[in-house]
Amino acid sequence: MLRGGERAYAAGVSIASPIVPDRDIRLDNRFASELPELGVAWKAQEPVEARLLAVDEDVAAEVGLDPAWLRTGDGVRLLLGVDVPAGATPVAQAYSGHQFGRYSPRLGDGRALLLGELTGADGRLLDLHLKGSGRTPFARGGDGLAAVGPMLREYVVSRAMAALGIPTTRALAVVATGRAVRRETLLPGAVLARVAASHLRVGSFQYARSIDDTELLRRLADHAIARHHPTAAGEAEPYAALLRGVVEAQASLIAKWMLVGFVHGVMNTDNMTISGETIDYGPCAFLDVYDPATVYSSIDEGGRYAFGNQPVVAQWNLARLAEAMLPLLHEDEQQAVTVAQDLLDGFRVAFAAAWSAGLRAKLGRAGDEQADPLGDELLTLLQTGRVDLTSGFRALAHAARGDTAPARRLFSGADGFEAWLTRWLALAPDADAMDRVNPLYIPRNHLVEEALAAATGGDLGPLHELVAAVSAPYEPRPGRERYAAPAPEDFGTYRTFCGT
Ligand code: AMP
Ligand code: MG
């Protein structure tokens, strides 16, 4: 067990002598060496029979990995974490977290490993991280494994998010392990390899604070500043500037989620990054019909992480970050609280600005404040008319070009739509600009389910088709009509599962 001040490596397990892949791949161990208290050196589990299911060549290129090499036996062994370059120090990270509001002082990577850091095309460090790589000292009752379905869900949804311009961790590859994973039924196991700006979370700061080690907390904050908010280093109050940076990054991120109807589903503080990237695609899903009360996750019984609650929850999580950072904000606790409160108040302002700017753009009136009341009214119309969010905005662009029939059809259940349409059209919305921000292809729930079920049964065709559709979300392509269509009537109430 990790305790305050204890160097985790001292008690950690030494990894077997690493085998150097036959390429010049360098994995830094910046996190492991700068923050040893926040990791336990660990080794990934050997597969039974490895099979590469998917590799994202764009992500590979961004981190200087040759996709053809990744497909070789050696490449796959790197993707599974069983062979790592010399000098790499894979670690399971320690962190705390509020899960559905309840604090767990010690969560950590129960089934994940940070293999080390790669260097991106722009020279920035990027984590190479695995999920489903076997039990770690943080596994508690868990088996340390992941199933093919949930790992491919992260693969396709994170790819879609990136294509939508939403900050996210990126899936590099999914490798089936040949190991059966016991959930409700026996499922094929897999490891997801992902690349991220880092895996520092709100929960990382909570952990450092909970072991009451202010020196560690400061080192963690310095590490976060160097990697994510480097301009904070030059400010008079670098830690306040870091907190401000995280608040602003998260406000912008959540606004982007809300504008496309993304429901994360499990916004625990261990699943909220310091970088401002979306992380940990568990029970996530996209809205079909617009309704702020929408909850997909089967375990979110109280609706804490309902679509419309996400901004409030994000601010709540950031308050937990601010609490953890109090010793860095001012030596006098009361004054530290005042500083923190001030910075947290910035969330609402930054979120409102990002949201309004985004909604104006979706309405083809970028930068026009006059569009704001129309935006608010449209949300009511979408909700009362039970209109599919994604199709609704695309139909409005058709209306802006003169063809109002699709919009009239979709909004037929929304009282007051005609009057709204007349007022909005009078502003001369820019239809082409709308089509550049309102996606046509998103990972619709029924398509994701179809693709994952097929993949679990061994057929990767539907998954690759779906990935191809959501990778270019704005441009209509012939033959892809079904990827733009709302769920069929008989799809019913959608439920998602964490897959843990
Ligand atoms: P999540 O909400 O999926 O991000 O996970 C919450 C916590 O549970 C993290 O500490 C995970 O590492 C851990 N966890 C989830 N699933 C498993 C599993 N199958 N085996 C071990 N630990 C797990
Ligand atoms: Mg998590």
Side-chain angles (χ1 to χ4, degrees), residues 1-2 8 38-40 42-45 81 90-115 127 129-155 157-158 168-169 171 177 179-192 194 196-207 210 263-275 277-285 295-301 304-305 313-314 317 320-321 496-500:
M1 301 290 116
L2 296 182
L38 298 184
V40 180
W42 202 252
K43 187 164 170 27
Q45 188 177 32
V91 293
Q93 291 182 311
Y95 46 84
S96 310
H98 276 90
Q99 299 180 297
F100 291 92
R102 251 196 54 207
Y103 183 61
S104 288
R106 191 175 180 278
L107 289 171
D109 288 335
R111 56 164 175 170
L113 284 182
L114 170 63
L115 291 186
D127 281 5
H129 179 98
L130 306 180
K131 191 143 135 189
S133 48
R135 297 192 80 231
T136 76
F138 301 105
R140 294 167 290 159
D143 60 8
L145 303 176
V148 162
M151 296 307 98
L152 287 174
R153 174 191 288 274
E154 174 154 342
Y155 185 89
V157 180
S158 63
T168 176
T169 63
T177 58
R179 180 172 281 112
V181 180
R182 185 173 293 282
R183 295 292 180 262
E184 285 80 20
T185 56
L186 277 185
L187 296 168
V191 170
L192 169 84
R194 74 182 175 200
S198 87
H199 285 75
L200 302 181
R201 314 137 192 272
V202 170
S204 312
F205 281 79
Q206 291 182 289
Y207 182 85
S210 73
V263 188
H264 183 282
V266 58
M267 290 175 71
N268 295 332
T269 57
D270 52 307
N271 290 338
M272 182 182 255
T273 58
I274 299 305
S275 65
E277 286 182 344
T278 310
I279 195 170
D280 277 0
Y281 293 85
C284 63
V295 176
Y296 292 113
S297 171
S298 57
I299 58 168
D300 189 1
E301 284 160 11
R304 181 181 175 90
Y305 301 138
V313 169
N317 288 351
R320 307 288 79 74
L321 174 64
T496 55
F497 303 89
C498 270
T500 52

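Whatever order the structure lists them in is the order used to number ligands and atoms, beginning at 1.
- When atom types are taken as modelled, the side chain of Arg201 and the backbone of His199 share a donor-acceptor pair closer than 3.5 angstrom.
- Distances below 4.0 Å separate heavy atoms of Gln99 from the following atoms of ligand 1: 6 (C).
- Side chains of Thr169 and Asp127 form no contact here, defined as non-hydrogen atoms less than 4.5 Å apart.
- When non-hydrogen atoms are compared, ligand 1 lies under 4.0 Å from the side chain of Arg183 (C-beta onward) but not from its backbone.
- For the Mg ion (ligand 2), the neighbouring protein N/O/S atoms at less than 2.8 Å, given as residue and atom, are Asn271 OD1, Asp280 OD2.
- Checked for salt-bridge contact, Arg183 and Asp143 meet the test: a charged N lies under 4.0 Å from a carboxylate O.
- With hydrogens and angles ignored, the 3.5 Å screen pairs no side-chain donor or acceptor of Thr278 with any backbone N or O of Thr168.
- Within the set Arg201, Arg140, Arg111, Met267, the minimum heavy-atom distance to atom 7 (C) of ligand 1 is found for Arg140.
- Less than 4.0 angstrom separates some heavy atom of Leu145 from each of these atoms of ligand 1: 19 (N).
- In Arg135, neither the side chain nor the backbone holds a heavy atom less than 4.0 Å from any atom of ligand 1.
- Of the possible donor and acceptor atoms, one in the side chain of Arg135 sits under 3.5 Å from a partner among the backbone N and O of Arg140.
- Side chains of Thr496 and Arg153 form a contact here, defined as non-hydrogen atoms less than 4.5 Å apart.
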Carefully, step by step, assess Phe100 and Tyr305 under the rule ring pair (Phe, Tyr, Trp, His ring centres under 6.0 Å).
CA-CA 8 Å; Phe100 291 92; Tyr305 301 138; 4.9 Å; yes
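- Remark: among candidates Asp143, Val266, Asn268, the nearest residue to atom 19 (N) of ligand 1 is Asp143, based on non-hydrogen atoms.
- Remark: among candidates Gly110, Gly203, Gly108, the nearest residue to atom 10 (O) of ligand 1 is Gly108, based on non-hydrogen atoms.
- In this structure, Gly144 is part of the shell of residues with a heavy atom less than 4.0 angstrom from ligand 1.
- For ligand 1, the atoms closer than 4.0 angstrom to any heavy atom of Asn271 are 2 (O), 4 (O).
- Remark: the backbone N or O of Arg304 is paired with a side-chain donor or acceptor of Asp300 at under 3.5 angstrom.
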